[in-house]
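Just follow the structure's listing: the first ligand is 1, and inside any ligand the first atom is 1. Predicted model, so just to flag it, every value in this text is computed and none were measured.
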Amino acid sequence: MKTVKIGLMGFGNIGTGTYKTLEMNREIIKKNTGMDFVITRILEKDTERERGVQVTRDQFTQNPEDIFKDPDISIIIELLGGIEPATSFMLEAMKNGKHVVTANKAAVAANYDLLMDTAADHGVIFKFEASVGGGIPIISALTSVLQANDYMEILGIVNGTTNYILTQMTEFGSEYEDVLKDAQARGFAEADPTADVEGIDVANKLAILMTLAFGIRVKPEDIPRVGITGITKEDIQEAAQKNEKIKLIAAAKKDGEGKIEYSVKPMRLPADHPLAGVSNEFNAIFVRGNAVDELMFYGKGAGPLPTGSAVMGDVIEIARKTIQ
Ligand code: HSE
């Protein structure tokens, strides 16, 4: 049986969730693919943290070159987060002939063309399913089974942290600060949760979705954006009295002339709107294509295991395509 050796960069919440997904399902993956997947090296400073996984000290390194130059490693997973050094590491991995998988929406949104072109130039595969919607296979859907469509509209809840905060404030009257801490403890929030609550994370994800659906490059910082920090308990109560819920919505729509209009902002939705029923860390993405018509994708958009599921899915897909 072939062994597929993987290098992991970043062993935080998502790195641990990816490792756990593989530990939990190694046998079933072996049975389904005929390959054994092993994370052999991990780039991480914090070697002491208790992660609840079996990992040996010699798997850790603090030198990325140990992973780039390891001839046995064929796939590198980048889960450091942030634009740099993550982008440079991914490019270096590709230049060393490694396939790359990431969940890093900030890096993909900022450097999409550079990453895709470098992968193509070096004959390697670059995949980023986990960058939008956590466990929801929205990237695969848009770029494979739905690719015969002219996309008309994308509308969604694509940030688990803010949806968790808004849900808890709405359902239980919880305090913003308490729920944010809870979301951090559950591994939903970014290292700096400002990116979540100010809508920056949503703008990164919308930029990626617009690239894939409409073929346009919009810098995340050019997307009109309002986060949830200005939403008060009173706003939520007032909406509830009118049978409405407040949700942070990413929207992109093609107008009659083919121009795309886009925004990230909190919106009041009637309680019977399909997106109003999306609670906690769940995400949902509504897509309208001219052939398929309306579709809705729903699932856990944040959290170690749902995101780990998408990361490992990409890894397995690459191995199926490249390893005989
Ligand atoms: N911080 C992100 C969220 C993680 O809450 O949705 C998943 O991209």
Side-chain angles (χ1 to χ4, degrees), residues 10-18 20-21 77-83 86 101-110 112 127-140 142 154-169 174 176-209 211-212 220 223 225 227-229 231 246-250 264-266 275 278-285 297-314:
F11 206 27
N13 287 322
I14 305 307
T16 305
T18 299
K20 272 189 187 157
T21 301
I77 303 173
E78 183 282 308
L79 299 173
L80 296 163
I83 297 173
V101 172
T102 187
N104 187 334
K105 49 270 160 137
V108 175
Y112 181 84
K127 287 180 82 69
F128 48 93
E129 180 61 70
S131 66
V132 183
I136 302 173
I138 185 66
I139 307 256
S140 305
L142 289 175
I154 290 184
L155 189 73
I157 295 171
V158 291
N159 182 271
T161 302
T162 46
N163 204 44
Y164 185 81
I165 293 171
L166 290 171
T167 303
Q168 296 289 316
M169 287 174 75
S174 313
Y176 174 91
E177 287 299 338
D178 295 341
V179 197
L180 174 57
K181 280 197 192 111
D182 191 14
Q184 286 175 295
R186 288 168 187 257
F188 305 154
E190 297 303 298
D192 175 3
T194 314
D196 294 297
V197 297
E198 296 293 358
I200 298 163
D201 179 74
V202 178
N204 286 332
K205 290 166 177 168
L206 183 60
I208 296 171
L209 292 176
T211 291
L212 301 178
I223 296 176
R225 166 176 63 79
I228 66 158
T229 47
I231 307 280
I246 300 178
K247 295 286 181 189
L248 182 59
I249 301 291
V264 171
K265 61 181 178 203
L275 291 177
V278 178
S279 300
N280 293 316
E281 77 268 36
F282 280 84
N283 283 190
I285 302 144
F297 297 84
Y298 173 80
K300 286 193 174 169
L305 287 179
T307 313
S309 156
V311 171
M312 277 312 300
D314 275 351

With atoms numbered from 1 as shown, which atoms in ligand 1 lie under 4.0 angstrom from a non-hydrogen atom of [X]?
X	value
Lys205	2 (C), 3 (C), 6 (O), 7 (C), 8 (O)
Phe188	1 (N), 2 (C), 3 (C), 4 (C), 5 (O)
Thr161	1 (N), 3 (C), 5 (O)
Glu190	1 (N), 2 (C), 4 (C)

Review point. Which is it for Glu281 and ligand 1 at heavy atoms under 4.0 Å: side chain, backbone, both or neither?
Key: neither
Check your understanding: Taking non-hydrogen atoms only, is Asp196 closer than 4.0 angstrom to ligand 1 via side chain, backbone, both or neither?
Key -> side chain
State, to 0.1 Å, how close [X] and [Y] come at their nearest heavy-atom pair, and which atoms those are.
X	Y	result
Tyr164	Asp182	OH-OD2, 2.5 Å
Ala250	Val158	CB-CG2, 4.2 Å
Gly82	Ala107	O-CB, 4.0 Å

Quick check: does [X] get an N/O under 3.5 Å from an N/O on ligand 1?
X	result
Ser131	no
Gly160	yes
Ala302	no

**Study point:** Counterpart residues, salt bridge (Lys or Arg N to Asp or Glu O under 4.0 Å), relative to Lys247 (two or more places apart)
**Key:** none
Study note, to complete from the structure: Between the CZ atom in Phe297 and the CG atom in Leu142, the distance rounded to the nearest 0.5 Å is 6.5 Å
Check your understanding: From Ile165 CD1 over to Leu180 CG, what is the distance, rounded to the nearest 0.5 angstrom?
Key -> 4.5 Å
Review point. Within the distance-only criterion (no hydrogens, no angle test), does the side chain of Thr211 pair as donor or acceptor with the backbone N or O of Ala207 below 3.5 angstrom?
Key: yes
Review point. With a 4.0 Å cut-off on heavy atoms, is Gly134 touching ligand 1?
Key: no
